Amino acid sequence: MAVKNTTQVLIDGKIITLGGYESPEYLQKVAAYLNQKISELSQSAGYNRLSVDTKHTLLALNIADDYFKAKSQVDTLEEDMEAKDRETYDMKHDLIAAEIQAGDLKKELEEKRIELEHVRGEMEEL
């Protein structure tokens, strides 16, 4: 079972104790991300005049926007990977078919070579 970690982080100028099964470094990274988003929003005109609830809503909307954009990118990458996997499978199938055909052609060539030698032998006899 994983060990629960607690760590203190600084979010928007306030020290908060976070707990979770993630590493303290990860929790610090999450706090840094929140601070970055708060800083970005604080630079918007009129943001500081908004109510705390409205600020929190805007922060949540920005984080949700980042999440959905990242999820969309992951979905696109997964679809691309699946398409490449299918393409690789098809190429392997084509390669195997070409190898089989090459083997058949080599066999046919050898049969024709033997037949040619036989015909040459018959011609020499005549």
Side-chain angles (χ1 to χ4, degrees):
M1 184 172 173
V3 177
K4 188 171 183 179
N5 297 308
T6 59
T7 190
Q8 289 188 335
V9 297
L10 183 65
I11 299 176
D12 199 21
K14 298 176 185 97
I15 296 175
I16 300 172
T17 301
L18 294 180
Y21 295 103
E22 295 82 7
S23 69
E25 294 81 14
Y26 176 80
L27 296 174
Q28 290 291 341
K29 185 176 177 181
V30 170
Y33 172 77
L34 284 174
N35 284 322
Q36 175 195 351
K37 294 310 264 179
I38 291 167
S39 175
E40 288 174 12
L41 288 171
S42 295
Q43 294 174 9
S44 300
Y47 177 79
N48 291 324
R49 293 189 304 263
L50 298 173
S51 71
V52 172
D53 286 344
T54 303
K55 287 179 181 179
H56 289 164
T57 300
L58 287 175
L59 178 62
L61 285 170
N62 272 266
I63 292 169
D65 179 54
D66 287 350
Y67 167 78
F68 284 109
K69 285 178 180 173
K71 185 169 179 357
S72 175
Q73 187 176 19
V74 166
D75 291 345
T76 299
L77 291 172
E78 285 178 346
E79 288 170 8
D80 289 349
M81 189 172 70
E82 288 173 8
K84 290 196 184 318
D85 286 347
R86 283 190 299 273
E87 185 178 342
T88 300
Y89 175 80
D90 291 343
M91 291 174 84
K92 286 179 181 178
H93 183 268
D94 292 345
L95 177 62
I96 290 169
E99 287 173 344
I100 290 170
Q101 185 179 14
D104 292 345
L105 289 172
K106 284 180 183 178
K107 184 178 176 184
E108 185 179 338
L109 179 63
E110 183 61 23
E111 290 170 357
K112 295 295 182 186
R113 189 186 63 74
I114 292 170
E115 184 180 328
L116 179 61
E117 287 177 14
H118 179 69
V119 169
R120 281 185 182 156
E122 286 179 356
M123 285 177 56
E124 286 178 9
E125 286 178 14
L126 291 175

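Fair warning: this is a prediction, and the values are worked out from it, not measured in the lab.
Applying the side chain to side chain donor-acceptor pair (under 3.5 Å) rule to Tyr47 yields no partners; only residues at least two apart in sequence or on another chain are considered. Contacts of Leu116 classified as side-chain contact (heavy atoms from CB on, under 4.5 Å), with partners at least two apart in sequence or in another chain: Arg120. Taking Glu117 as the reference, Arg113 meet the side chain to side chain donor-acceptor pair (under 3.5 Å) condition, with sequence neighbours excluded. In this structure Lys69 satisfies the salt bridge (Lys or Arg N to Asp or Glu O under 4.0 Å) test together with Asp65, sequence neighbours excluded. Under the side-chain contact (heavy atoms from CB on, under 4.5 Å) criterion, Ile15 pairs with Gln8, Leu10, sequence neighbours left out. Taking the side chain to side chain donor-acceptor pair (under 3.5 Å) definition, one finds that Glu111 meets it with nothing, sequence neighbours left out.
No more than 12 heavy-atom neighbours from other residues, nucleotides or ligands sit within 6.0 angstrom of CD on Gln101. The local environment of CD in Glu122 is crowded, with over 12 non-hydrogen atoms from other residues, nucleotides or ligands closer than 6.0 Å.
Counting only residues at least two apart or in different chains, salt bridge (Lys or Arg N to Asp or Glu O under 4.0 Å) contacts with residues 95-104 are absent. For residues 6-26, no pair satisfies salt bridge (Lys or Arg N to Asp or Glu O under 4.0 Å), with sequence neighbours left out.
The nearest pair of heavy atoms linking Ser23 to Asn5 is CA-ND2, 3.8 Å.
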Indicate every side-chain donor-acceptor pair of residues 38-45 with a distance under 3.5 Å to a residue at least two apart or in another chain.
| from | atom 1 | to | atom 2 | distance (Å) |
| --- | --- | --- | --- | --- |
| Glu40 | OE1 | Lys37 | NZ | 3.3 |
| Glu40 | OE2 | Gln36 | NE2 | 3.0 |
| Ser42 | OG | Ile38 | O | 2.8 |
| Ser44 | OG | Leu41 | O | 3.3 |

Report, one line per pair, each donor and acceptor closer than 3.5 Å where one atom sits in a side chain of residues 50-60; sequence neighbours left out.
| from | atom 1 | to | atom 2 | distance (Å) |
| --- | --- | --- | --- | --- |
| Ser51 | OG | Thr54 | N | 3.2 |
| Ser51 | OG | Thr54 | OG1 | 2.9 |
| Thr57 | OG1 | Asp53 | O | 2.9 |

Pairs under 3.5 angstrom only: tabulate donor-acceptor contacts from the side chains of residues 76-94 to other protein residues two or more places apart or in another chain.
| from | atom 1 | to | atom 2 | distance (Å) |
| --- | --- | --- | --- | --- |
| Thr76 | OG1 | Ser72 | O | 3.0 |
| Thr88 | OG1 | Lys84 | O | 2.8 |

Inset, instruction - Show your reasoning for whether side chain to side chain contact (heavy atoms under 4.5 Å, CB included) applies to Tyr33 and Asp66. - result: CA-CA 11 Å; Tyr33 172 77; Asp66 287 350; 2.5 Å; yes
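With rounding to the nearest 0.5 Å, the separation of CG in Leu18 from OG1 in Thr6 is 9.5 Å.
Other residues sharing the hydrophobic cluster of Leu126, ordered by chain and number and joined by side-chain separations under 4.5 Å: none, the residue standing alone.
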